[in-house]
Number of protein chains: 2
Amino acid sequence: MKITNRLSWKYVRDEIHHEILSGRYGPGDRLPRDADIADQLNCARSTVQRAMQDLSDIGLVERRRKGGTRVHPEPVTRATLDIPITRHEVEKKGGRYGYQLIMQEEMSATRTVLAAFELTSPVSMLRIEALHLSDNRPYMLEDRWVCLDTVPEIRDVDLKIQSANEWLVLNRPYSRCDLRFYAISADQKMSEMLGAKIGDALLLIERSTWIDGAPITTVKTITTPGYQLLTSS
Amino acid sequence: MKITNRLSWKYVRDEIHHEILSGRYGPGDRLPRDADIADQLNCARSTVQRAMQDLSDIGLVERRRKGGTRVHPEPVTRATLDIPITRHEVEKKGGRYGYQLIMQEEMSATRTVLAAFELTSPVSMLRIEALHLSDNRPYMLEDRWVCLDTVPEIRDVDLKIQSANEWLVLNRPYSRCDLRFYAISADQKMSEMLGAKIGDALLLIERSTWIDGAPITTVKTITTPGYQLLTSS
DNA sequence: TAGTGGTCTAGACCACCGG
DNA sequence: CGGTGGTCTAGACCACTAT
């Protein structure tokens, strides 16, 4: 009588995960072929494949055709961040969202901006400064550049009403997004805008997006003192 | 004559992605059932499933049994961060890694620490302070608490030689990991340890891990001025 | 409780890439 | 070029949950 074990891919994943963490396989070691694991556990190869996909997603193993599956040589903590539209973020925290356009001007990209896009030749862009509010108090300062070659439609958007943040997220898909996080001290302008003190430590998030290699926008968002960014999970 | 299209799941994914971004389906709208999409595109349902899994991973759609697939009502920018072992991070940047144990002491968890673990009753923990170095210069300050109930073996580790950071990542799997990022101003102690000036803006990363609901460790890593955290992609 | 996504299987072929 | 992971298919059953 054949007993058909119906193993879930999560069981298979945890089994392999455990074998790695127990020291059976160390960083860089090669694991058995999917087919062999499937035989051993008496399940379909695609179940092992699904388990391995997950382990690969979390950065525990690396997989290559012909090269097989290896334990990731440098263990990492992989985390997922969800960065919402600022309006939603404010509303979720129970605040009443407000928005002020501070400045909007067509101009040529500065060297810093070109560098963010990994470009060298000059590009015409729309520079935008805006302030997001929560209950009429400053919440986040936005310093944005939008590439007019890639997104000419931005000219027709009334940015006094709808933030570029929101319009872009809803209307411009991107194929690449680079983020960087760091801390800065508030200078006089920032402290005035955000209602902070000069020298306050502020979290700055820099985000650049492309669509098929063409630059869309790069933006620095500066949050008020005490702001925390949390992982989603 | 039947033409057997062999559509890749990426093609299906991009097709759906495009339909969403073109405005055909807006935030909150319900998409057709997987089976109907499969019929329409003439592919297997599992191919659609694979495509949808990807769209769900990046936060574009939400899927529920019986409820169907809906466009995510609040668009988000989802990013993945890889936080390596500090030694690897230093070495990858070309620095020579160094490490100093500053303090190690068994004590009861403070209220702040308990809060990080969402606990209320007192717990015995190992408190560790350490400094990571790059080319003999301060690189990162680590302020860690390890739960002795969950990880008693930490007592037997010589933390003067191997950092708790490294030992834990290599030896203690976790099932949950919470991260938070924020900016702080360097106080006198930090500035001395990190070779910074008092008031410098520093990026602080707070990480707490659990295994099956049991707390493992919570750590604050404070980096030197100018440190930037980048997305992996 | 019925509808929908989630998973598993067995088999086939493909694509990449290490030796 | 051959070995390994990646993908696709058709079909079946399961698990969750909206109605």
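Below, chains carry the letters A, B, ... as their sequence lines are ordered, and counting in each starts from 1.
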To the nearest Å, how far apart are [X] [atom1] and [N] [atom2]?
X       : N      : atom1 : atom2 : answer
A:Glu62 : D:dT4  : CD    : C1'   : 16 Å
B:Asp36 : C:dT4  : CG    : P     : 8 Å
A:Leu41 : C:dC8  : CG    : P     : 12 Å
B:Tyr11 : D:dC8  : OH    : C1'   : 16 Å
A:Arg70 : C:dG18 : CZ    : C1'   : 10 Å
B:Lys10 : C:dC14 : NZ    : P     : 18 Å
B:Asp39 : D:dA10 : CG    : P     : 10 Å
A:Arg50 : D:dC8  : CZ    : P     : 15 Å

Taking the side chain of [X] as its heavy atoms from C-beta onward, which of [options] lies nearest to it?
X       : options               : value
B:Arg45 : C:dA2, C:dG6, D:dC8   : C:dG6
B:Gln49 : C:dT9, C:dG6, C:dC8   : C:dG6
B:Arg65 : C:dC8, C:dG6, D:dT4   : C:dG6
A:Lys66 : C:dA10, C:dG18, D:dG5 : C:dG18
A:Ser8  : C:dC8, C:dG3, D:dT4   : C:dC8

Next item on the list: Tell me what B:Thr69 touches on the nucleic acid: a base, only sugar-phosphate, or nothing, going by heavy atoms under 4.0 Å.
Entry: sugar-phosphate
Check: How far does OG of B:Ser134 sit from CE of B:Met140, to the nearest 0.5 angstrom?
Finding: 11.0 Å
Check: So does A:Arg64 get a side-chain nitrogen or oxygen closer than 4.0 Å to the phosphate oxygens (OP1/OP2) of C:dG18?
Finding: yes
Note to self: Check the phosphate of D:dT4 against A:Arg33, side-chain N and O only, distance under 4.0 Å to OP1 or OP2. Yes or no?
What the structure shows: yes
Ignoring hydrogens and angles, write down the donor-acceptor pairs under 3.5 Å from the side chains of residues 31-40 of chain B, residues two or more places apart or on other chains.
unit_1: B:Arg33; atom_1: NH1; unit_2: B:Asp36; atom_2: OD1; d: 3.3
unit_1: B:Asp34; atom_1: OD1; unit_2: B:Arg63; atom_2: NH1; d: 3.1
unit_1: B:Asp34; atom_1: OD2; unit_2: B:Arg63; atom_2: NH2; d: 2.6

Checklist line | Aromatic ring proximity, centroids under 6.0 angstrom, B:Tyr139 and B:His132 | finding: no
Check: Would B:Phe117 and B:Trp210 count as a close aromatic pair, with their ring centres under 6.0 Å?
Finding: yes
Next item on the list: Say whether B:Tyr99 and B:Gln162, considering side chains only, have a donor N or O and an acceptor N or O under 3.5 Å apart.
Entry: no
Next item on the list: Between A:Gly67 and A:Ser46, just flag the one whose closest nucleotide in DNA chain D comes earlier from the 5' side.
Entry: A:Gly67
